[in-house]
Amino acid sequence: MNGKTVWVSAVGPSLQTFLDWKRLAGYQFLPQEWRWHQFDDFCAGQAVSLADLTRPVLDAFCAGTGYESVSTGENRRRLLRQWADYLEQSGQGMIARPTPNPTPTRRSRYQPNIYTEQELRALFAAIDAWPSYPNTNRTLVDPVLFRMLYGCGIRLGEALRLRRDDVDRETGVLRIRQGKNRKDRLVPMAAALTDRCRSFDRRVHAASEGTAPFYPGQHGNVYDQSTIYRRFRDYLWTARISHSGAGPRIHDLRHTYCVHRLKAWVREGRDLTNLFPYLAVYLGHADFRGTEYYLRFTADLYPDMITTLERAHGAIIPRQEYQNFEWLQTLGKVCCVFD
C-alpha cells in the first residue's frame, strides 16, 4: 500500500508489527495486506481487542458473509494461524486459533495444455506479426517476453518483475529474485534468446537505469499480469488456437517447456537420474514433488517414454529421498536450457 498504513481497530498495531516482521524476513507479503485490513475493519466493528479474540470471534470472520468460497475462508484461517503463532513466539501474548476447516479445500483438476510444435509456431508468428499502434510498446515487449516464458520455463510474475540489471545480456543469465518459494535463482538462457534480449535492451533501455523494469509499460511501470493475459487471448485467436474458460493459459508455456525438455532428454538417451535434479533447481521448485509431476504427465503424453524410463532407470528419485537433495538449491547454473 502507498503511504502510511492506517489501522482502525485495537488490534491494528499488532497487525502492523506482524507485517513488518514478514517483510524483514524477506516475504513479499503485500498481496495479503488487504485481507488484514478486512480483519482490522471486522475487529473495529466488533469493538474487540487482542484479549477478546476468542475462537467464535475468529470463526465469524473466517465465515465472512456466507457467500464466499471455501478457499477464501481457508485463506483467512491460514493467515490468522500465522499471526497467532507470531504473537506467541514473540512473547506478545496468546490468542485462540480459528476452528480448522472440516471440509478440505478442493484441489484444482486443471489439465495443463501442452502446446504442439505447430501451435507454438503459430502462436509466435501471431505475436511477431502484430501491428504496431501508438502509445503501446507491445510489439517490442511481447516477442521477447513470450519467448522467455517458453524458452526458460519461468512464471509470468517472475518475468514481469525482472529489472534491467537482472538480465545479464553478456552471459545470458537471468536473476530471478524472490520467486514462488521466496528464493533467488539463476536461469541461463539459450543463445538465440540472449541475442534477442541484447537487441531489445538496445532499443528500449538506451536511457534506462539498472533498476528499471526490463519489460516496461508505456510509462515505465511494471506490467500488470491481466494486461499480458488480454494480449495472450488476442494471439491465441489470431493463431486459431481454441480457448475456453479452462485455458490454455500463459502458465501452460511453462508446462510445455518442462514436457518438451524431458521428451528431448529421453529421445537423446540422456540419464534422467542425473539431470532431473537440475531441472528442479532451474524451475525454482522447493523439492522434487512439483517436478515429478511433469515426469508423470510426459509419460501420459508419450507412451514410448515409459518403457525407456523403466528399462534404464526404474523409479526416478524416490519420494523418501527428497530431503537429501537440498544442496541442489545452492547451484548457480544448470544445464537444461531449451535449445
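- No continuous path of ILVMFWY side-chain contacts below 4.5 Å connects Trp237 to Phe146, so the two sit in separate hydrophobic clusters.
- Considering only heavy atoms from C-beta on, Thr136 comes within 4.5 Å of Arg231 through its side chain.
- Contact record, Arg254 with Gly153: NH1-O, 2.6 Å, taken as the closest heavy-atom pair.
- Shown here for Trp130 and Thr139, the closest heavy-atom pair between the two residues is O-CG2, 3.3 Å.
- With contacts defined as side-chain heavy-atom distances shorter than 4.5 Å, the pair Leu236/Leu123 qualifies.
- Linking Ile, Leu, Val, Met, Phe, Trp and Tyr whenever their side-chain heavy atoms come within less than 4.5 Å leaves Met94 and Leu53 in two separate clusters.
- Panel note: side chain Ser199, backbone Arg196; no donor-acceptor pair is recorded below 3.5 Å.
- Residues Leu120 and Leu253 form a side-chain contact, since some pair of their non-hydrogen atoms from C-beta on lies under 4.5 Å apart.
- Using a 4.0 Å cut-off between charged side-chain N and carboxylate O, Arg81 and Glu74 make a salt bridge.
- Both tests hold for Arg76 against Phe61: distance to the six-membered ring centre under 6.0 Å, angle to the ring axis within 45°.
- Relative orientation of the Trp36 and Phe18 rings is perpendicular, given thresholds of 30° and 60° on the angle between their planes.
- Using a 4.5 Å heavy-atom cutoff, the side chains of Gln225 and Ile250 are not in contact.
- The shortest heavy-atom contact between Val11 and Leu50 is CG1-N, 3.8 Å.
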Subject >> Verdict with supporting geometry, Arg177 and Arg163, side chain to side chain contact (heavy atoms under 4.5 Å, CB included) >> reply: CA-CA 10 Å; Arg177 301 177 186 272; Arg163 301 183 303 210; 3.1 Å; yes
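- Using cut-offs of 30° and 60° for the angle between ring planes, the Tyr215 and Phe200 rings count as tilted.
- Using a 3.5 Å distance cut-off with no hydrogens or angles, the side chains of Thr116 and Gln118 do not pair a donor with an acceptor.
- Looking only at side-chain heavy atoms (C-beta outward), Ile154 and Leu149 come within less than 4.5 Å of each other.
- For Ala122 against Ala239, the heavy-atom pair with the smallest separation is O-CB, 3.5 Å.
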Please table the atom pairs, donor to acceptor, closer than 3.5 Å between any side-chain atom in residues 202-213 and protein atoms at least two apart or in another chain.
unit_1, atom_1, unit_2, atom_2, d
His205, ND1, Ser208, OG, 2.9
His205, NE2, Phe214, O, 2.9

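- At a threshold of 4.0 Å, the pair Asp252-Arg249 counts as salt-bridged, since one of the basic side-chain nitrogens sits closer than that to a carboxylate oxygen.
- Residues meeting the salt bridge (Lys or Arg N to Asp or Glu O under 4.0 Å) test with Asp195, sequence neighbours left out: Arg198.
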Original post:
Between Met148 and Leu193, is a side chain to side chain contact (heavy atoms under 4.5 Å, CB included) present by the stated rule, with each step listed?
Top reply: CA-CA 7 Å; Met148 185 177 288; Leu193 181 56; 4.2 Å; yes
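- The hydrophobic clustering, which links ILVMFWY residues whose side-chain heavy atoms are closer than 4.5 Å, places Val8 and Leu19 apart.
- In this structure, CG in Asp59 is found 8.5 Å from OG1 in Thr54, a value given to the nearest 0.5 Å.
- Contact annotation: the side chain of Thr238 never approaches that of Ile127 to less than 4.5 Å [non-hydrogen atoms, C-beta and beyond].
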**OP:** Could you walk me through whether Trp7 and His37 pass the side chain to side chain contact (heavy atoms under 4.5 Å, CB included) test, one step at a time?
**Re:** CA-CA 7 Å; Trp7 304 98; His37 281 276; 3.8 Å; yes
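- Nearest heavy atoms, Leu174 versus Cys152: CD1-SG, 4.1 Å.
- Annotation: the span from Arg138 atom CZ to Leu145 atom CG amounts to 11.5 Å, rounded to 0.5 Å.
- The CH2 atom of Trp83 lies 9.5 Å from the CD atom of Gln92; values are rounded to the nearest 0.5 Å.
- With salt bridges taken as basic N to acidic carboxylate O contacts below 4.0 Å, none links Asp165 and Arg175.
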Original post:
Should Asp128 and Arg147 be marked as a salt bridge (Lys or Arg N to Asp or Glu O under 4.0 Å) after you check the CA-CA gap, both sets of side-chain angles, and the distance that decides it?
Top reply: CA-CA 11 Å; Asp128 293 342; Arg147 281 177 170 82; 2.8 Å; yes
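- For the atom pair CG (Asn113) and OG1 (Thr256), the distance works out to 6.5 Å, reported to the nearest 0.5 Å.
- A pairwise comparison of heavy atoms in Arg161 and Asp166 identifies O-OD2, 4.2 Å as the closest pair.
- Under the side-chain hydrogen bond (donor to acceptor under 3.5 Å, both in side chains) criterion, Arg240 pairs with no residue, sequence neighbours left out.
- A distance of 6.5 Å separates OH of Tyr115 from CD1 of Ile241, quoted to the nearest 0.5 Å.
- Looking at Phe39 and Leu15, their side chains come closer than 4.5 Å, going by heavy atoms from C-beta outward.
- For the pair Pro216 and Arg164, the minimum side-chain heavy-atom distance is 4.5 Å or more.
- Counting only distance, with no hydrogens or angles, the side chain of Asp168 and the backbone of Thr171 share a donor-acceptor pair below 3.5 Å.
- Side-chain contact, Ser49 with Asp52: a donor N or O sits under 3.5 Å from an acceptor N or O.
- Taking CG of Leu156 as the start and OH of Tyr229 as the end, the distance is 12.0 Å to the nearest 0.5 Å.
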Subject >> side chain to side chain contact (heavy atoms under 4.5 Å, CB included) between Phe42 and Val57, worked out >> reply: CA-CA 10 Å; Phe42 172 83; Val57 172; 3.9 Å; yes
